[in-house]
A.B. asks: 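Have a look at this one.
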Protein chains: 2
Amino acid sequence: MLKLSRLTDYAVVVLARMGTAPEARQSAPDLAGRTGLAEPTVAKVLKILSGSGLVVGLRGARGGYVLARPLADISLTEVVTAFDGPIALTACVDGATGCCDTGGSCGMRGRWDPVNAAIRNALSGITIADLAAPPPVAFIPEAQIRLAAE
Amino acid sequence: MLKLSRLTDYAVVVLARMGTAPEARQSAPDLAGRTGLAEPTVAKVLKILSGSGLVVGLRGARGGYVLARPLADISLTEVVTAFDGPIALTACVDGATGCCDTGGSCGMRGRWDPVNAAIRNALSGITIADLAAPPPVAFIPEAQIRLAAE
DNA sequence: CCTAAATAGGACCCCTGCCGTCCTCTTTCC
DNA sequence: GGAAAGAGGACGGCAGGGGTCCTATTTAGG
């Protein structure tokens, strides 16, 4: 299904929460409490985010996590890629050997690439800051709408 | 993961094959043979396509399927929607009740909508004909690239 | 009228992959 | 030295997709 994994969803929530105090180091139990998510799950999310370099983990007592970059510099593509792997709608990509066993006469060879690129670009144009912005007077996502207009 | 279901992939292949003889009625076993896919699977795909109105099923002996519209008039969004349901990257959409149990303070409420719209629009701009076109001299998908450029 | 061919529509089981949890090791502050 | 917290991996439960099959209905042809 064309859905992103639940962990990706959690990651955006956690990142958004971290964005409210970009300088402070925040621990996993702390963020769990503030987001209302289960602590082990938040810990797992943060470990993956740390592995992807989107946050920086500080070990030891009084440790925690800090945003590696401001939310406005983190695109949705990066988060999705960290949890769901490279964005590729079908398995028929990057020269997957014997993708569909139709003997090379698939006819679809390489045709999905522009589609993947379109998705990637759409997600690249949206930052976590766009998703996390504290509700201003009224949220009218003109930028995103313009982005969506073919 | 951000992948579409395998049936959707099959559907594109089957539709592309049907596009090579748009007028002729083609049976499920016939299309299975021509695409190299398993016959029951092709039958299932065609039933779903028929239910969505993308192809027209003709019952009885010497029956088969005919494209309801030329491939150039069938967008990827329609095919994806037929198999994967409405395009919604997260469950937090269309007022899903108690989506994340954070007590309404989710802060993400409605924020994914522009993202979903962006994906939908990107896929709407691509037709099955774009994916199925028999390789011309060189396939340079200018249209799609332009579409992807934010 | 009867048979064969083909669609329509479910029902079913298997199996993959996600998800949530937990355990251990390492690091660092007090 | 002890406690707190991240790093890394392992593991079982479970939902959802997928492939298959069965039956009913329709229709062309002999």
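Below, chain A is the first sequence line, B the second, and so on; all start at residue 1. All values below were derived from every heavy atom in this structure, side-chain atoms included, with hydrogens, water molecules and symmetry-related copies excluded.
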A.B. asks: With a 4.0 Å cut-off on heavy atoms, is A38(A) in touch with a base, just the backbone sugar-phosphate, or nothing at all?
C.D. replies: sugar-phosphate
A.B. asks: Contact class for G51(B) (heavy atom, under 4.0 Å): base, sugar-phosphate, or nothing?
C.D. replies: nothing
A.B. asks: Which part of the nucleic acid, if any, lies within reach of Y10(B) when heavy atoms closer than 4.0 Å are counted: base, sugar-phosphate only, or nothing?
C.D. replies: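 Sugar-phosphate, no base atom in range.
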A.B. asks: How do F83(B) and R62(B) order along DNA chain D: which one's closest nucleotide is nearer the 5' end?
C.D. replies: F83(B)
A.B. asks: Please check if L131(A) and L7(A) belong to a single hydrophobic cluster, counting links between Ile, Leu, Val, Met, Phe, Trp and Tyr side chain heavy atoms closer than 4.5 Å.
C.D. replies: yes
A.B. asks: Would the distance check show the side chain of D9(A) and the main-chain N or O of T90(B) forming a donor-acceptor pair, the cut-off being under 3.5 Å?
C.D. replies: no
A.B. asks: Quick one: which of dG6(D), dT7(C), dC19(C) gets closest to the side chain of Y65(B)?
C.D. replies: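 Nearest nucleotide to the side chain: dT7(C).
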A.B. asks: Determine whether D84(A) and S5(A) satisfy the following criterion, side chain to side chain donor-acceptor pair (under 3.5 Å), listing intermediate values before the conclusion.
C.D. replies: CA-CA 7 Å; D84(A) 295 327; S5(A) 73; 3.0 Å; yes
A.B. asks: Run through T81(A), I87(A), V79(A) and flag the one making a side chain to side chain contact (heavy atoms under 4.5 Å, CB included) with L123(A).
C.D. replies: I87(A)
A.B. asks: For the side chain of T41(A), starting at C-beta, report the closest nucleotide among dG20(C), dA6(C), dG6(D).
C.D. replies: dG20(C)
A.B. asks: What's L58(B) touching, base or sugar-phosphate or nothing? Going by heavy atoms closer than 4.0 Å.
C.D. replies: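 Answer is sugar-phosphate: L58(B) comes under 4.0 Å of backbone atoms only.
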A.B. asks: dG18(D) C1' sits how many Å from D9(B) CG, rounded?
C.D. replies: 13 Å
A.B. asks: When we call it a touch if two heavy atoms are under 4.0 Å apart, what does L46(A) touch: a base, just sugar-phosphate, or nothing?
C.D. replies: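 Nothing, no heavy atom under 4.0 Å.
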A.B. asks: Distance criterion of 3.5 Å, no angle test: do you see the side chain of K47(B) paired donor-to-acceptor with the base of dG9(C)?
C.D. replies: yes
A.B. asks: What's A43(B) touching, base or sugar-phosphate or nothing? Going by heavy atoms closer than 4.0 Å.
C.D. replies: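 The answer is nothing, as A43(B) stays clear of every strand by at least 4.0 Å.
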A.B. asks: Ignoring hydrogens and angles, answer whether the base of dT28(C) and the side-chain atoms of R59(A) contain a donor-acceptor pair closer than 3.5 Å.
C.D. replies: no
A.B. asks: Measuring from the side chain of A61(A) (C-beta onward, heavy atoms only), which nucleotide among dT20(D), dA4(D), dG6(D) has the closest atom?
C.D. replies: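 Taking heavy atoms from C-beta onward, the closest nucleotide is dA4(D).
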A.B. asks: Rounded to whole Å, how long is the line connecting atom CD1 of I48(B) with atom C1' of dG9(C)?
C.D. replies: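 In whole Å, dG9(C) C1' lies 11 Å from I48(B) CD1.
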A.B. asks: Where do S124(A) and S75(A) land on the side chain to side chain donor-acceptor pair (under 3.5 Å) test, with the steps shown first?
C.D. replies: CA-CA 5 Å; S124(A) 294; S75(A) 73; 4.8 Å; no
A.B. asks: Can you tell which of dT28(C), dC18(C), dG20(C) lies closest to the side chain of S5(A)?
C.D. replies: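 Of dT28(C), dC18(C), dG20(C), dC18(C) is nearest to the side chain of S5(A).
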